[in-house]
2 protein chains.
Amino acid sequence: MGNNKEIANVSKATIGRMPAYLRYLKEKELAGERTISSTAIAEDLRLNAVQVRKDLAVISTVAGKPKLGFEIADLIADINRFLGYDNVTDAVLVGAGGLGRALAGYGGFRNYGLNIVAAFDKDPDLIGKKINGVPVFDAGEIAHMVRRLNVLIGIIAVPKAAAQQAADALVSGGARAIWNFASAHLNLPDSIAVKNEDMAASLAILSKRLAEILYNEK
Amino acid sequence: MGNNKEIANVSKATIGRMPAYLRYLKEKELAGERTISSTAIAEDLRLNAVQVRKDLAVISTVAGKPKLGFEIADLIADINRFLGYDNVTDAVLVGAGGLGRALAGYGGFRNYGLNIVAAFDKDPDLIGKKINGVPVFDAGEIAHMVRRLNVLIGIIAVPKAAAQQAADALVSGGARAIWNFASAHLNLPDSIAVKNEDMAASLAILSKRLAEILYNEK
DNA sequence: TTTTTATCGATAAAATTTTATCAAATCATA
DNA sequence: TATGATTTGATAAAATTTTATCGATAAAAA
């Protein structure tokens, strides 16, 4: 996924903003616009215009033009390429319960270059069935299947208590990246990329911002 | 939620790490340990020890002791208080489909001081029912109900196309914080706290990290 | 009791990220 | 065609965040 030449020296913050730019630009394109300025993007996305220009400089192959700004179509293509959305990567999902089902059903992943090819669960009632088109296998098969399917990305959507075990199984099958939706701390070697989808952290940040806003206005 | 005296001068990054500390400390407490050093936390959580000490200094009421470290129980209490987990805030959920259902069923929120009191959807088949114990109302009622329930936090779990409308309804009812799970850019006044749960951004960061790891090892 | 050792907390340094400034470029307009 | 307005991209400054250093301190060991 993505472009090798671009992996270095791009901050996590910049990478994290890319999908927002992409969504925004697609909106604008749909609205029939052809070019856009960093100023306009910054204003709408509540960012600093210089930051936007720096971010775009990282990925864009075509320079912006004074007085006009950037070609929207070019930017979209560049961000898609940068994020690796133009080629699809397979992933497996551990946990076919509530959240797992929701994730499997979230069609959007296809747009993000992610294709969930298999799900795993312990529940015998689920094994052998399909959730949103994704076949569910026995959790005992994780390592074996991951290896067979040659999958690098595992998504964990199991209860806290089962998360570490799921991660270990994925890794022992050869997975190299774990997207962890369980609110559990995973202990994994540094050679594995881990992204914790930490709802608690998000909520904490939102709460603090809310508290700040309420505090400041009186 | 949280403590007013502590809202200023605490970076988003620090706030975001708090839940991870909390989870980790609870683990340790459960394992029967009484004290812990910043060094140990840093090692396990892959952080810098000085950073851990600085983070803890923000919230802790009790100083650490040389040679021993911090009292785990004290830290847990302090973080709980800091994050506002010791008092519960009501929230409403817009969207009772796959993701909405998963969120409603995610019992963990209660631990994070969040209580979902109502859900909304357009689907007549869902209205009047309950999803995981949360009653579902007509989406047309959002503003009215939010005002009546005096709710400040709204969670958006609807398809992209409906997200802005949902946000507007929440805000017009008096909500001041929006937790947005739709991958859509919301246009809202600065007086509203918004946290985008941007799956695409997370995936992008994970993918880049994976690419980096794979690239570096050959 | 004295010495050793581990850890804190304060301060300083380094690194990173964000924001400001400004000359150069180019489009639109007169 | 010349002028003015607007935006870029480069460079610099500011702000923030992370990491390093080190004296002080308290527990453990000698």
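Residue numbering restarts at 1 for every chain, and letters A, B, ... go by the order of the sequence lines. Keep in mind that this is a model prediction, so the values were computed, not measured.
Taking a cutoff of 4.0 Å between a charged side-chain nitrogen and a carboxylate oxygen, B:Asp198 and A:Arg23 qualify as a salt bridge. In summary, B:Asp55 and B:Arg17 engage in a salt bridge, as defined by a charged side-chain N under 4.0 Å from a carboxylate O.
Residues forming a side-chain contact (heavy atoms from CB on, under 4.5 Å) with A:Ala157 (at least two apart in sequence, or on another chain): A:Leu93, A:Leu99, A:Leu103.
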Sugar-phosphate atoms are those with a prime plus P, OP1 and OP2; base atoms are the rest. Using that split, label each nucleotide of nucleotides 13-26 of chain D B, S or - for protein heavy atoms under 4.0 Å, 5' to 3'. ----SSBB----BS

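Residues from residues 187-196 of chain A with heavy atoms under 4.0 angstrom of DNA chain D: there are none.
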Can you give me every donor-acceptor pair (side chain of residues 57-64 of chain B, partner residue at least two apart or in another chain, under 3.5 Å) with its distance?
{"from": "B:Ser60", "atom 1": "OG", "to": "B:Leu56", "atom 2": "O", "distance (Å)": "3.4"}
{"from": "B:Ser60", "atom 1": "OG", "to": "B:Val62", "atom 2": "O", "distance (Å)": "3.1"}
{"from": "B:Thr61", "atom 1": "OG1", "to": "B:Asp78", "atom 2": "OD1", "distance (Å)": "3.1"}
{"from": "B:Thr61", "atom 1": "OG1", "to": "B:Asp78", "atom 2": "OD2", "distance (Å)": "3.2"}

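The aromatic rings of A:Tyr106 and A:Phe109 stand perpendicular to each other, their planes meeting at an angle above 60°, with 30° marking the opposite boundary.
B:Tyr85 pairs in a side-chain contact (heavy atoms from CB on, under 4.5 Å) with only one of the listed residues (B:Asn111, B:Asn80, B:Leu114, B:Ile76), which is B:Asn80. When each of B:Ile192, B:Thr89, B:Ile153 is tested with A:Leu210 by the rule side-chain contact (heavy atoms from CB on, under 4.5 Å), just one qualifies, namely B:Ile153.
Contact annotation: the side chain of B:Val92 never approaches that of B:Ile155 to less than 4.5 Å [non-hydrogen atoms, C-beta and beyond]. Residues B:Ile178 and B:Asn196 are not in side-chain contact: their nearest non-hydrogen atoms beyond the backbone lie 4.5 Å or more apart.
For residues 90-105 of chain B, there are no salt bridge (Lys or Arg N to Asp or Glu O under 4.0 Å) pairs, not counting sequence neighbours.
For the helix from C:dT1-D:dA30 to C:dA30-D:dT1, the end axes, each set by the C1' atoms of five terminal pairs, are bent relative to each other by 10° (nearest 10°).
Backbone-only engagement by B:Ala63 is indicated by non-hydrogen atom pairs under 4.0 Å involving sugar-phosphate atoms exclusively.
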